[in-house]
**Student:** 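I'd like to ask you about the structure that follows.
The sequence lines fix the lettering, A, B, ..., with proteins before strands; numbering per chain opens at 1. Keep in mind it's a predicted model, so treat the numbers as computed, not measured.
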Amino acid sequence: MEIELLVYYFLFLFLGAGLSAFLNGYLNNTFNLNKMYDPVVDRSSHKDKATRSGGLALFLTFCICYGIGKALGVMSVDLYALIAFCFVALIGVGDDLFTIKYREKFFVQVFAGVVLLQSRVYINNFHGIFGIYEIPYWASAVITIYVFVVIVNSLNLIDGIDGLAALLCVKFFVIVGAILAVSSKEMELVVPSIIGALIGFLIYNMNPHKKVFLGDTGSLLLGSVMAFYIFYILDDRSSIVTDSNISRPLLAVLLLIYPLADTLRAFIIRAYKKQSPFIADRVHLHHRLIDKKGLNHWQSTLTILFVSISILVLGFLLSSVLSLSLVILCLLIYMIGIFFLIFK
Amino acid sequence: MMKKIFFWLFLIPLCFYNMHLFAVEKSAFNEASNDSILNTVSVSKLLESRDYLFVENGKNYFHVLLRNGFLTGPFQNNEFVYKDYSSQVPEEINVEFQALIPTKMGSDTYLLYPGGGMLFKFNESVGAIKRIDRSFAHRNQYSGYFFSHNKNLYLLGGYGFWETKSLLTKFNFSSGQWDYIPTTGQAPEGIDRGAFLIKDDKLYAAGFVSRNSNNQKENREDNLYVLSLPTSTSIGETVASDAFNWEKKGVLNPLLLNAPITALNKDWIYKDNLLVNIVDDPNLYLIDPIENIIKTIPNDLLLYKSGGKSIMKNSEIISTVRNSATGSVSMAYFDINGIENNPNISEEYLYRSSDNFYDFLIFGAILLVSIIIFLWVFFSYSNKNYVLIDNEIIHAKGNLKLSEIETRLIALFINKKSLANSKIMSLFTEKSKTKDYAVKRKNRTLTNLNKRFSELYGTSLLYNQKSKTDSRQTNYLLNEKINLKRN
């Protein structure tokens with residue numbers, strides 16, 4: 001690694017962490033003074049006072065880090081992508097401060113997806129999945145918006161216990177950061193800023209005395225940034241260094257394995273119970289670890305983090321020796337085994 | 001009869017209209033009789049036909065191949081010697097000379113017909129261009145890279161019949177045919193245009209495009225590829241099956257990726273490295289793939305003014321420049337000697353490979369583990385902290401509601417690890433009640449608080465101990481694992 005890059009990496013990592021820690025503390029105090037606490041309900045995993053100010057702190061941290069990076073000429077993200085992130089963050093802020101109906105949130109998410117499409121980074125190729133490669137633009141647009149909404153909401157849904165969403169995001173950005181470090185000079189420093197911001201947030205998220213949650217602002221914002229990088233990986237115009245090791249769609253799914261698998265499982269259970277798939281309950285895998293296995297938040301978060309890393313590593317290693325269908329089969333068997341071993 | 005009259009009526013004005021063109025070419029060629037020495041003005045007139053091609057010669061000279069003869073120079077005062085070809089140019093060269101792809105092997109220059117197949121040899125000593133192949137113009141490899149290596153001629157990739165190819169063919173001097181050379185490794189999908197450099201028996205290829213055969217959409221290849229070439233020098237010697245092995249080195253620096261797709265079309269070999277000029281970019285890029293370095297060199301050479309194919313001779317780029325006002329063409333020399341000493345040069349990596357990816361991944365993994373360890377240590381420490389807020393003790397394991405007297409009792413232990421019984425008793429003593437009542441109330445409160453605390457947090461809050469200085473006095477000590485704070 002070049003020294004200059006390493007210096008910038010640490011600069012943005014510490015800048016993100018410092019700013020985020022300061023903003024989280026400041027906003028937590030402000031929210032507390034105004035008695036803007038997250039309500040404790042039956043399905044809540046917390047019993048103490050907490051504020052939903054984490055997302056707003058993250059958003060402000062991103063903005064400041066990006067502004068500094070842009071001014072230094074070392075960071076650049078497509079303007080349309082930034083506008084889409086802002087839309088999603090603002091609807092999150094609205095939902096955290098007031099209450100916004102799901103239908104309205106969904107509309108803004110679709111709109112943000114349409115804006116994101118203008119960045120010319122989208123899913124334009126299936127890379128051989130179902131024997132399909134390049135797809136027409138209209139299909140690209142529909143699929144991209146659909147995947148965007150799925151990713152954004154799946155991250156929102158797993159944000160149920162302390163540190164889980166944030167640490168899974170750190171894992172995601174570590175791998176995406178390594179990919180971007182090889183293929184996209186202008187976006188590589190976005191990653192340490194985000195990781196730094198998440199570290200600053202985690203200090204408060206797991207602090208019982210000044211508890212801060214991501215809220216909708218944080219989960220929707222992180223979800224949309226993650227969705228953008230997933231599109232970057234799936235866009236056939238971007239050169240991805242892992243192409244000779246692993247299929248791009250498989251890599252994209254493995255990067256988001258826990259949010260996707262948990263959301264899919266929760267939807268199936270709710271459909272089986274003839275409930276709305278969007279109803280809030282405690283059927284998520286992380287709830288099982290707490291309710292049935294008696295683990296605390298930190299233990300549950302670490303368990304899920306290591307399981308998702310192990311699935312990713314296994315998929316990466318198997319892809320070098322087996323065909324795609326066999327890799328998927330092996331991973332399914334492994335995931336079922338893990339479910340019965342840890343979550344059942 | 002009428003037709004003939006109309007024909008002559010049409011032809012005569014046309015000849016008058018174009019008289020200046022005939023005049024220029026005629027006068028130029030009149031001057032250019034065999035072995036005549038031509039000055040710069042006369043050479044420029046010859047070049048106006050546009051049907052010329054620069055090819056290399058010895059160290060100091062180069063040739064300009066024309067339709068009927070060739071120029072050699074420059075000698076004193078930029079003069080050139082003109083010679084007629086000893087035999088007529090093959091009629092198969094039915095395209096402009098600029099369209100031919102030259103490559104030098106030994107003292108001979110080989111000229112490839114566009115699209116591949118037909119091959120011609122320009123022999124300087126004989127002064128003739130001869131066709132040497134028994135192939136045909138197959139038109140399958142337009143824009144392929146024609147190169148020589150170890151006394152062999154190769155043609156790599158190209159576009160033809162709605163497809164880009166990455167195939168490698170070698171000219172067989174015995175049969176006059178082009179033989180297919182199988183390659184191994186990570187070959188690119190197709191190679192159309194691009195920039196190439198041969199160094200240490202390796203061919204470095206970058207900046208090329210491939211096209212989708214269905215919709216002809218161009219895909220720019222962002223990676224640097226390397227094709228290993230055989231080190232054998234004897235003609236006809238069999239080479240190992242994996243002698244031609246492709247390797248995908250890694251993603252090119254965005255400095256090159258941001259260039260337009262067709263931009264890497266002006267490149268020269270300069271001091272064993274590749275010098276690239278990108279359209280609409282004021283900089284020159286000097287690429288050393290072995291050292292993985294790209295140098296950005298600001299230049300004021302105005303290379304964009306040059307047109308057509310150019311060659312690098314010593315440290316000069318030789319090209320032609322057309323005067324947009326008069327249309328006249330003149331030979332231009334762009335001296336790049338010492339450009340690498342420019343103080344404003346910036347140096348960056350040329351490509352990042354999978355090695356860099358794994359480096360970053362290891363770095364990221366260490367970062368992730370560090371975050372987990374940091375959080376673990378941080379929360380192990382913060383787990384000791386029990387914060388008193390209003391009438392509640394706040395902790396990660398849950399909140400404990402306190403009565404008013406319990407809150408006052410707990411408040412006494414903030415920033416204190418030990419308290420004398422008498423201090424605690426002061427909380428319970430009431431003037432209207434007996435001391436015995438106060439003692440009982442204190443004991444009941446402490447027992448109740450300790451019990452509830454222990455049930456919720458799994459550890460006791462306070463315990464009593466006799467004073468070391470006065471055995472009649474009891475002290476109440478806060479559990480050492482507990483750090484009480486007030487918010």
**Student:** Could I get the full list of side-chain contact (heavy atoms from CB on, under 4.5 Å) partners for D78(A), not counting sequence neighbours?
**Tutor:**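 Per chain and number, D78(A) pairs via side-chain contact (heavy atoms from CB on, under 4.5 Å) with Y80(A), A81(A), S119(A).
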**Student:** Once rounded to the nearest 0.5 Å, what's the spacing between atom CG of L368(B) and atom NZ of K171(A)?
**Tutor:**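 Going from CG on L368(B) over to NZ on K171(A), the span is 9.5 Å.
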**Student:** Do N223(B) and V241(A) make a side-chain contact, defined as non-hydrogen atoms from C-beta onward lying under 4.5 Å apart?
**Tutor:**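 No, every pair of side-chain atoms sits at 4.5 Å or beyond.
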**Student:** Look at F378(B), W376(B), Y386(B) and state which one has the largest set of heavy-atom pairs under 4.5 Å with chain A.
**Tutor:**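 Among F378(B), W376(B), Y386(B), the one with the most close pairs to chain A is W376(B).
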**Student:** Select one option (side chain, backbone, both, neither) describing which atoms of F357(B) are under 4.5 Å from chain A's heavy atoms.
**Tutor:**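 Answer is both: backbone and side chain atoms of F357(B) are under 4.5 Å from chain A.
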**Student:** At a heavy-atom distance under 4.5 Å, which candidate from N245(A), I203(A), I199(A) has the highest pair count against chain B?
**Tutor:**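 Among N245(A), I203(A), I199(A), the one with the most close pairs to chain B is I203(A).
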**Student:** Is it the case that more than 12 heavy atoms not belonging to K416(B) sit under 6.0 Å from its NZ atom?
**Tutor:**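 Count not over threshold, so no.
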**Student:** Please classify the contact of L202(A) with chain B as side chain, backbone, both or neither, using a heavy-atom distance under 4.5 Å.
**Tutor:**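 Both backbone and side chain.
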**Student:** Return the CG to CZ distance between L5(A) and R352(B), rounded to the nearest 0.5 Å.
**Tutor:**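 These two atoms lie 5.0 Å from each other.
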**Student:** For I195(A), is it the side chain, the backbone, both or neither that has a heavy atom under 4.5 Å from a heavy atom of chain B?
**Tutor:**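 Looking at I195(A), just its side chain touches chain B.
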**Student:** Please identify each residue that fulfils side chain to side chain donor-acceptor pair (under 3.5 Å) with E348(B), with sequence neighbours left out.
**Tutor:**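 E348(B): side chain to side chain donor-acceptor pair (under 3.5 Å) contacts with K185(A), N253(B).
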**Student:** Using non-hydrogen atoms only, which part of L361(B) is less than 4.5 Å away from chain A: side chain, backbone, both, or neither?
**Tutor:**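 Backbone plus side chain of L361(B), per the 4.5 Å heavy-atom cut-off to chain A.
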**Student:** Count the heavy atoms of every other residue, nucleotide or ligand shown that sit under 6.0 Å from CD of E404(B), and state whether that count exceeds 12.
**Tutor:**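 Check fails, neighbour count at 12 or below.
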**Student:** Would you confirm whether the ring centroid of F173(A) sits within less than 6.0 angstrom of the ring centroid of F360(B)?
**Tutor:**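 They do not qualify: ring centres at least 6.0 Å apart.
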**Student:** Checking heavy atoms, do the side chain of I372(B), its backbone, both or neither come under 4.5 Å from chain A?
**Tutor:**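 For I372(B), backbone and side chain are both near chain A.
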**Student:** For residues 300-308 of chain A, dump all side-chain donor-acceptor pairs below 3.5 Å to protein atoms at least two apart in sequence or in another chain.
**Tutor:**
from, atom 1, to, atom 2, distance (Å)
S300(A), OG, N296(A), O, 2.8
T301(A), OG1, D162(A), O, 2.7
T301(A), OG1, H297(A), O, 2.9
T303(A), OG1, Q299(A), O, 2.6
S308(A), OG, I304(A), O, 3.3
S308(A), OG, L305(A), O, 2.9

**Student:** Considering only heavy atoms, which portion of Y351(B) lies under 4.5 Å from any heavy atom of chain A: side chain, backbone, both, or neither?
**Tutor:**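 For Y351(B), neither part sits under 4.5 Å from chain A.
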**Student:** Does K451(B) NZ have over 12 foreign heavy atoms under 6.0 Å away?
**Tutor:**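 Open.
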**Student:** Verify the neighbour count for atom CD of E134(A): are there more than 12 heavy atoms of other residues, nucleotides or ligands below 6.0 Å?
**Tutor:**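 Counting neighbours around CD of E134(A), more than 12 heavy atoms of other residues, nucleotides or ligands fall under 6.0 Å, so yes.
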**Student:** Which residues in residues 287-296 of chain B have a heavy atom less than 4.5 Å from any heavy atom of chain A?
**Tutor:**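 Listed by number: none.
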